[in-house]
Amino acid sequence: MHRRSIRKRSWRSSAAAARTCRRGWPASRETVGVGEFISPQPTPHGGGCTRGEPAPPSLNPPPATNLPYTRRQMPDEIVDDAAEAGAPLAAPHELTLDILRHSAAHLMAAAVVQLYPGAQYDVGPAIEDGFFYNFRLPDAAHFSDTDLQRIEERMHELAAQQLPYEPQVMERAAARQLFESAGQNFKVDIIDRIDPAVQQVSVYRTGEFVDLCRGPHVSHSGLLRATKLLRVAGVYWRGDERNEQLQRVYGTAWFSQDELAAYLHRLEEAERRDHRRIGKELELFHFDPTAPGMTYWLPDGVVIFNELLQYSRAQHQRWGYREISTPIVNDSALWKTSGHWDHYRENMFLIPVDEQTTYGTKPMNCPNAMVVFNLRRRSYRELPVRFSDWGVLHRFERSGTLHGLLRVRKFQQDDAHIFVTEEQIEEEYARVFEICTHLYGLFDLEYSYRLGTRPDHFLGEATMWDRAEAALLRLLDRHAGPGGYAVDPGEGAFYGPKIDILVKDAIGRQWQLGTIQLDYQLPRRFGCVYIDRDGSEQTPAVIHRAVYGSLERFIGVLIEHFAGHLPLWLAPVQCELIPVQDDADDVLHFVDSVGERLAAAGLRVDVNRRSGERMQGKVRGAELRRVPYVIVLGRKDLERGDGVVRVRDIRRHQQEDLPLDDLVTRLAAEAAERRPA
RNA sequence: GCCGGCGUAGCUCAGCGGUAGAGCAGCUGUUUUGUAAACAGUCGGUCGUGGGUUCGAUUCCCUCCGCCGGCUCCA
């Protein structure tokens with residue numbers, strides 16, 4: 001259900017981490033990434049696969065990104081890349097934003113070292129929309145926002161000096177000595193981690209600042225004229241919580257001030273789509289300090305929630321699922337059987353009942369599905385058995401991780417557990433993919449698949465995993481196309497590999513929605529069996545799957561995707577009627593009668609009879625409330641008596657005159673067909 | 001949980017060592033309006049919580065709670 005980042009490479013930002021490169025290529029060519037140094041043919045170009053394109057090491061130019069402003073003709077003065085390991089690189093032909101940003105990271109480190117003598121710098125790659133650098137400050141000091149301003153000012157000064165970026169190839173040992181004598185322990189550590197076969201490394205000098213780096217870079221700092229530092233964060237060294245925390249500074253860099261301004265403007269626009277903001281404005285949901293991460297669904301939000309729920313329920317019934325509803329709390333005995341007690345307890349809300357008994361609030365539905373399956377003997381004839389369960393789940397997520405509807409502690413999944421024979425796995429997966437295609441197709445959502453494979457700590461035998469992973473890869477190749485998905489090594493569930501469906505929020509953060517997981521362990525732990533054709537007992541496999549994922553997260557994503565302008569079938573109020581004369585009984589009657597016509601067609605209608613507010617004000621209010629259709633009716637319409645109304649389509653910014661009958665038919669059809677906005 | 005930031009009226013925010021202000025919303029009145037804001041008046045806050053410093057704290061310091069951005073985590 002949750003966003004996962006990549007272990008062991010977590011020096012990247014979460015945004016970068018989420019952009020897992022296809023087939024497991026590292027997602028960034030960082031200054032000093034160990035993996036890159038051992039590459040016999042380092043990428044000749046700063047772009048690498050930072051943006052997530054497939055980018056195996058190669059001398060070919062990497063593919064262009066889809067951002068039109070990513071590339072620029074490279075100025076002549078851009079120097080050739082220094083070659084590590086003595087291998088000359090092809091000269092980059094263009095100055096990319098990645099090169100620019102990586103160079104900005106160097107400049108920032110240079111500024112920090114000047115301003116904070118004794119600061120150590122660790123790694124500082126270009127990332128999507130910017131760059132960062134990690135530091136350790138003397139006396140374990142921390143950066144605050146005012147430090148950011150100082151650093152940024154110094155960067156501007158250094159940029160004005162047009163300091164050259166000078167590459168230098170060094171013997172590895174010499175480089176080690178250089179950094180050791182400078183007290184740059186991180187760099188020494190990085191050199192020590194480089195493949196022993198590599199004998200030469202390159203460094204770049206910018207003024208007095210020197211960094212271990214394979215380049216390439218801008219020719220001089222004067223090109224860094226549009227940079228801005230954004231925020232500071234504490235990050236664990238090498239991404240491991242057990243390590244010390246370093247200070248990371250994030251910044252952004254662009255070719256021009258105009259582009260920088262456009263980027264900042266884009267961030268502001270995204271903020272307007274933020275589901276937390278819209279949810280508050282439209283009174284869809286609420287989070288109370290007494291229940292962090294646990295949604296209060298307000299009346300209009302419940303409409304959205306229930307529409308999604310009802311539709312999915314009805315569809316799942318058609319698709320052969322039987323719905324069950326199971327307890328929200330179970331005795332710890334259940335969680336011990338399932339393995340949650342050992343593997344997930346710290347994420348559960350526990351309820352002590354008496355001295356001997358503790359209940360656990362369910363973080364997942366699966367164990368109870370096992371209980372239901374086991375209620376009687378099962379025959380191979382009835383497989384696949386599909387149990388859907390919309391139960392309320394609670395997970396004790398760490399306080400710093402909550403995020404509106406997108407990361408909550410109480411939620412409902414469109415969950416189901418499918419008991420299958422080994423032979424049925426592929427076909428059943430294909431069916432689930434069809435469901436995904438259908439449900440996501442309703443919203444014009446852009447989504448991607450990701451396969452998580454066997455983690456370090458796993459249950460069962462490796463051969464079984466290999467077989468399961470191979471099957472899932474086949475399915476993904478068929479369903480998403482070869483390469484049309486990402487592979488995240490080691491990111492499977494501990495009981496089986498999984499396929500996740502990922503969608504981005506307003507500012508590009510990636511979230512996991514749906515998940516399709518293959519599980520051999522849980523049915524075994526619960527002793528689930530079916531009687532096979534030959535009379536023998538067999539253990540079924542179980543497919544855990546949720547398509548929306550959680551209703552909460554899905555709605556959060558939808559709100560951002562549509563900026564609050566939901567498809568008609570989900571809109572809490574679908575049509576608002578505004579009387580021009582709100583003190584005239586005959587007009588009000590007329591408006592009411594039109595409202596009844598629409599309501600009779602199954603539409604959610606509001607008649608705005610508030611007196612004291614002018615018609616124009618009501619139109620504005622309806623617009624702000626994202627009511628999809630607004631109809632203003634007055635005495636003229638009543639007296640004309642031709643049944644023609646003028647309807648305002650909020651989402652398309654259009655107005656149209658048409659007969660009421662036609663309007664009713666049209667809106668009812670739009671809602672019934674669940675067309676996206 | 002960790003790092004940084006924030007918490008002032010229902011909402012969005014200003015203010016600041018001398019016990020608070022705007023716009024919108026709400027309410028009342030006038031207006032009856034033809035497609036994104038009529039006008040006037042008025043109500044409304046023990047400045048998140050607890051403690052400390054001070055003659056005096058919304059303001060400075062600390063604790064806790066919550067929120068925001070990262071990190072970590074995330075079956």
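- Going from atom CD of Glu241(A) over to atom P of G70(B) covers 18 Å, rounded to whole Å.
- U42(B) sits 38 Å from U54(B) when the C1' atoms are compared, rounded to a whole Å.
- We find that CG of Leu148(A) is positioned 15 Å from P of G70(B), with the value rounded to whole Å.
- Taken to the nearest 0.5 Å, the CG atom of Asp274(A) stands 8.0 Å off from the CG atom of Asp505(A).
- No salt bridge links Arg231(A) with Asp145(A); every basic N to acidic carboxylate O contact stays at or beyond 4.0 Å.
- Side-chain atoms of Arg277(A) stay outside donor-acceptor range of the base of C68(B), with no qualifying N/O pair under 3.5 Å.
- Atom CG of Asn134(A) and atom C1' of G70(B) are 11 Å apart (whole Å).
- Nucleotides of RNA chain B nearest to Pro363(A) and Ser399(A) differ in position, and the one nearer the 5' end is that of Ser399(A).
- As judged by a 4.0 angstrom heavy-atom cut-off over every strand, His403(A) is placed among residues touching the sugar-phosphate backbone only.
- Rounded to whole Å, atom P of G70(B) lies 10 Å from atom CG of Leu267(A).
- Classification of Arg272(A) and Glu269(A) as a salt-bridged pair holds, one side-chain N sitting under 4.0 Å from a carboxylate O.
- Using a cut-off of 4.0 Å between Lys/Arg side-chain N and Asp/Glu carboxylate O, Asp649(A) and Arg652(A) are scored as salt-bridged.
- Nucleotides C43(B) and C67(B) have their P atoms positioned 35 Å apart, rounded to a whole Å.
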- Message: Across nucleotides 27-37 of chain B, 5' to 3', mark each nucleotide with B, S or - according to how protein heavy atoms within less than 4.0 Å reach it.
- Response: ----BBBBBBB

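- Of the P atoms belonging to A9(B) and G44(B), the separation is 15 Å, rounded to the nearest Å.
- Note: His403(A) and His275(A) have tilted aromatic rings, judged against thresholds of 30 and 60 degrees for the angle between ring planes.
- Ion pair Arg238(A)/Asp240(A) not flagged as a salt bridge, since none of the NZ, NE, NH1 or NH2 atoms sits closer than 4.0 Å to an Asp/Glu carboxylate oxygen.
- In this structure, CG of Asn243(A) is placed 12 Å from P of U72(B), rounded to the nearest angstrom.
- Between U31(B) and G21(B), the two C1' atoms lie 30 Å apart (nearest whole Å).
- Checked against Arg648(A) for a salt bridge (Lys or Arg N to Asp or Glu O under 4.0 Å), the options Glu623(A), Glu576(A), Glu656(A) give a single hit: Glu623(A).
- When the P atom is used for both G7(B) and C60(B), the distance is 10 Å, rounded to whole Å.
- Remark: P of G70(B) and CG of Leu402(A) are 14 Å apart, rounded to the nearest angstrom.
- Ring-plane geometry between Trp237(A) and Phe186(A) is classed as tilted, the angle between the planes lying from 30 to 60 degrees on a 0 to 90 degree scale.
- In the interface, the side chain of Tyr236(A) is paired with the base of G1(B) through a donor and an acceptor atom under 3.5 Å apart.
- A salt bridge links Asp500(A) with Lys498(A); the closest basic N to acidic carboxylate O contact falls under 4.0 Å.
- Using a 3.5 Å distance cut-off with no hydrogens or angles, the side chains of Arg395(A) and Asn347(A) do not pair a donor with an acceptor.
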- Query: When every nucleotide of nucleotides 4-13 of chain B is labelled 5' to 3' by its protein contacts under 4.0 Å (heavy atoms), B for base, S for sugar-phosphate only, - for none, what sequence of letters results?
  - Reply: SS-----SS-

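- Between Lys410(A) and Glu552(A), none of the side-chain N atoms (NZ, or NE/NH1/NH2) sits under 4.0 Å from a carboxylate O, so this pair counts as no salt bridge.
- Nucleotides G66(B) and U30(B) are separated by 44 Å at their C1' atoms, to the nearest Å.
- Using atom P as the reference point in both C11(B) and G70(B), the two lie 24 Å apart (nearest Å).
- Rounded to whole angstrom, the span from the NE2 atom of His275(A) across to the P atom of C67(B) amounts to 12 Å.
- If you take NE2 of His286(A) and C1' of C67(B), they are 12 Å apart, rounded to a whole angstrom.
- Taking a cutoff of 4.0 Å between a charged side-chain nitrogen and a carboxylate oxygen, Arg625(A) and Asp300(A) do not qualify as a salt bridge.
- Below 30°, between 30° and 60°, or above 60°: for Tyr548(A) and Phe554(A) the angle between ring planes is between 30° and 60°, a tilted geometry.
- Nearest-nucleotide positions on RNA chain B place Arg409(A) closer to the 5' end than the other of Arg409(A) and Arg276(A).
- Looking at the side chain of Arg509(A), the nearest of the listed nucleotides G70(B), U72(B), C68(B) is G70(B).
- G5(B) and U58(B) are spaced 23 Å apart, taking the P atom of each and rounding to whole Å.
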- Dot-bracket, RNA chain B: Watson-Crick or G-U, under 3.5 angstrom, [ ] crossing, | other strand? (((((((..((((....[..)))).(((((.......))))).....(.(((..]....))).))))))))....

